Amino acid sequence: MNRKNKPLKKQLTAEFYHGNIPALCIATIGALAFGTLNLILSWILQQLIDAASGSPDALPLRTLTAISGGFVLLCVAACMLDYVSQPRFIRRAVSRYRTFAFRKLTEKSISSFRDESTATYLSALTSDTASIESDYLAQQLSLISKAVTFTGALGLMLLYSPLMTLIAAAITLLPLVSSLLVGNRVETAQRRVSDRNRDFTAALSDCLGGFSVVKSFKAEKEIFRLFSANNDALEGEKFRMRRIKTIVGMIGAVTGIFAQLGVFLAGTYLALSGYGLTPGVVIMFVNLMNFMIQPIAELPGLLASRRAALGLVDKLADALEKNPTPTGKTQVSRLESGIRLEDVSFSYDGDKNVLHHLSAVFEAGRAYAVVGGSGSGKSTLLSLLMASDLNYTGNILFDGMELRDIAPDSLYELTSVIQQNVFVFNASIRDNVTMFRDFGQEEMDRAIGQAHLNALLNRCGEDYLCGENGNGLSGGEKQRISIARSLLKQSSVLLADEVTAALDAQTAYQVSNDILDLGGITRIVVTHTLEESLLRRYDGILVLKNGHIAETGTFDELMARKEYFYALFTVSQ
């Protein structure tokens with residue numbers, strides 16, 4: 001089956017092994033070696049004890065000394081194999097898994113991702129991945145080693161005494177049955193921990209993201225209660241999971257001790273009764289019992305943890321497959337004619353419309369302002385033009401092509417959006433302008449010049465770190481970085497949503513002028529600032545009222561009508 005056609009869960013799991021088979025093979029050899037060496041150690045102990053007790057069948061001490069020396073060297077070699085291979089295998093497996101998952105995440109469109117929780121992915125790529133690493137990747141090598149010691153121990157025991165092996169097998173059933181009773185509860189507990197961690201991550205993100213709001217409203221106590229409730233809920237689920245795992249371990253330990261004592265007593269009885277068992281063989285049986293009891297006692301818990309880890313892979317696959325990306329195929333390289341709205345209506349909840357029968361034309365290369373009171377639908381209109389939601393009625397046409405039919409990648413290449421809250425990475429100014437891509441210096445200089453970023457670069461330099469979400473920059477500087485990004489991208493449509501709302505009057509005027517100075521680009525600007533000198537520069541003004549188009553025209557035309565726009569403008573002065 002082609003890799004692209006596999007279910008996403010299988011694709012995610014396959015990433016653990018893609019290009020990672022050599023390291024896995026070496027790690028497997030190391031696990032097999034450790035299992036075999038445990039069996040050899042049991043045999044060496046049997047021979048040493050029989051030699052000490054004067055058994056005639058024991059090997060000479062000199063021979064046993066040489067064997068013990070060789071055994072130590074083999075242990076060192078096995079440790080080196082493990083040192084070289086296991087960390088390398090796990091590192092590559094986790095790295096490829098996260099990278100593949102993040103790549104699939106970035107393939108989502110804006111409309112697909114809009115209603116999803118970022119906490120789901122933060123949890124999946126951090127704590128969930130750590131659980132997968134410990135409970136699936138590392139444990140599968142442990143399972144190999146345990147499988148070798150179990151089968152080898154059974155074989156050696158049968159070789160030395162079938163009767164004693166039968167007794168040991170009967171006693172071993174106790175830890176197996178006991179572990180099965182509680183082992184399967186681990187998977188359910190692990191899922192609950194994952195869900196609580198998602199909720200905790202979301203709450204923590206809200207608390208930190210809204211820090212200034214919390215302080216300004218003096219809501220520290222309330223936000224502390226919110227944080228504490230989520231923290232306590234997470235730790236409560238982790239406590240319950242640890243308790244289940246502890247119970248599994250306790251049952252395994254207690255029943256294991258019982259089984260060891262039972263084998264010891266049975267072996268002693270058989271030795272005293274003349275069944276041909278030597279003290280060394282009895283001790284070897286007790287030691288080999290560990291290799292039978294431990295895998296059996298731990299197996300339900302290990303398998304439950306393994307299923308829980310794979311359940312976390314399922315959970316991530318479900319999230320990635322949620323809200324599939326629109327399947328538009330039409331490619332648009334540049335806006336030549338314009339954007340046309342034909343009887344467009346839209347509702348967020350499918351019930352009450354926030355936009356009603358909008359029809360308008362935005363000609364290519366011109367600048368348009370969208371104005372109106374709060375809640376009139378300005379930002380919603382701009383959001384639809386960026387295809388953040390395709391559940392509208394009517395038509396949105398780019399050069400006559402319906403927006404739903406345009407390939408998302410093509411649309412993102414065609415358009416750029418500048419929002420009120422510009423996201424800035426904790427990286428250099430240059431990386432924030434280029435979005436970590438390579439551009440020629442001439443292109444950079446042109447974009448920086450048109451966005452009026454020269455003063456910032458002259459003062460700080462292009463390698464200046466902007467801080468977390470640009471906390472080392474002013475609001476105007478972040479907006480100019482956003483403008484420079486759009487220019488460097490060479491989009492033919494620029495959508496600006498209330499970009500000056502948080503800026504002081506002088507900076508707001510300068511940024512608005514910067515946008516209007518950009519020639520050859522279709523600019524649609526949502527603005528609350530009704531500054532006459534700026535409004536006169538727009539080729540058209542779209543006036544919204546309660547989700548309807550109240551008026552359209554130039555500044556002079558709208559003012560001459562003395563209708564809704566005239567009232568808005570007059571009140572704002």
Side-chain angles (χ1 to χ4, degrees), residues 13 16 31 86-87 90-91 93-94 97-98 117 119-147 172 174-205 207 224-260 290-291 293-316 318-319:
T13 307
F16 294 136
Q86 185 172 348
I90 293 176
R91 183 199 70 178
V94 172
Y97 172 78
R98 278 204 186 107
S117 169
T120 298
Y121 296 107
L122 288 172
S123 175
L125 296 175
T126 53
S127 61
D128 287 2
T129 302
S131 297
I132 292 167
E133 179 180 337
S134 60
D135 295 338
Y136 176 73
L137 294 171
Q139 287 291 7
Q140 68 181 341
L141 298 174
S142 177
L143 284 171
I144 292 170
S145 181
K146 285 179 169 59
T172 302
L174 179 61
L176 174 61
V177 173
S178 302
S179 296
L180 282 172
L181 293 175
V182 292
N184 290 333
R185 295 173 61 189
V186 175
E187 179 179 2
T188 303
Q190 183 71 67
R191 272 190 171 269
R192 287 201 300 264
V193 168
S194 174
D195 291 340
R196 284 297 184 186
N197 190 73
R198 176 201 60 207
D199 296 341
F200 173 77
T201 303
L204 179 60
S205 179
C207 292
F224 179 76
R225 283 199 296 269
L226 173 65
F227 174 84
S228 295
N230 281 276
N231 185 40
D232 290 344
L234 171 60
E235 292 306 317
E237 290 296 349
K238 287 165 70 175
F239 165 75
R240 284 183 278 276
M241 183 182 71
R242 290 191 197 101
R243 192 162 56 180
I244 291 171
K245 288 186 174 182
T246 300
I247 290 172
V248 173
M250 287 170 57
I251 291 174
V254 172
T255 54
I257 291 170
F258 172 81
Q260 281 184 312
N290 288 327
F291 300 138
I293 293 171
Q294 187 182 17
I296 290 175
E298 293 180 359
L299 187 61
L302 289 174
L303 292 179
S305 295
R306 182 182 174 89
R307 286 195 301 272
L310 290 175
L312 297 178
V313 177
D314 276 338
K315 183 179 175 183
L316 176 57
D318 290 342

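Just so you know, residue 1 is the first one in the sequence shown, and it goes up from there. Predicted model only: the values in this text are computed from it and were never measured.
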Rounded to the nearest 0.5 Å, how far does OH of Y121 lie from CZ of R198? 12.0 Å
Nearest heavy-atom contact between S123 and S194 is OG-O, 3.7 Å
When every non-hydrogen atom of L137 is compared with those of A93, the smallest separation belongs to CD1-CB, 3.9 Å
Are R196 and D199 side-chain neighbours, meaning at least one heavy-atom pair lies under 4.5 Å? yes
Using every non-hydrogen atom in the two residues, find where A309 and D135 come nearest and quote the distance to one decimal. CB-CB, 4.1 Å
So does S131 get a backbone contact from the side chain of S134, meaning a donor-acceptor N/O pair under 3.5 Å? yes
Side chains of V94 and I90 in contact at under 4.5 Å (non-hydrogen atoms): yes
For residues Q140 and R306, determine if any side-chain heavy atom of one lies less than 4.5 Å from a side-chain heavy atom of the other. yes
Where does the angle between the aromatic ring planes of Y97 and F16 fall among parallel (under 30°), tilted (30 to 60°) and perpendicular (over 60°)? parallel
Tell me whether K315 is salt-bridged to D195, with the criterion being a basic N under 4.0 Å from an acidic carboxylate O. yes
Determine yes or no for a side-chain-to-main-chain donor-acceptor pair under 3.5 angstrom, with T129 supplying the side chain and A124 the backbone. yes
Can you name the closest pair of heavy atoms from V313 and T13 and give their distance? CG1-OG1, 3.9 Å
Can you check whether L125's main-chain N or O pairs, donor with acceptor, with R98's side chain at less than 3.5 Å? yes
Short side-chain to backbone donor-acceptor contact, Y136 and R307, under 3.5 Å: no
Spacing of CZ belonging to R240 relative to CD belonging to E235, to within rounding of 0.5 Å: 11.0 Å
Taking every heavy atom of F227 against every heavy atom of L204, the minimum-distance pair comes out as CE1-CD1, 3.9 Å
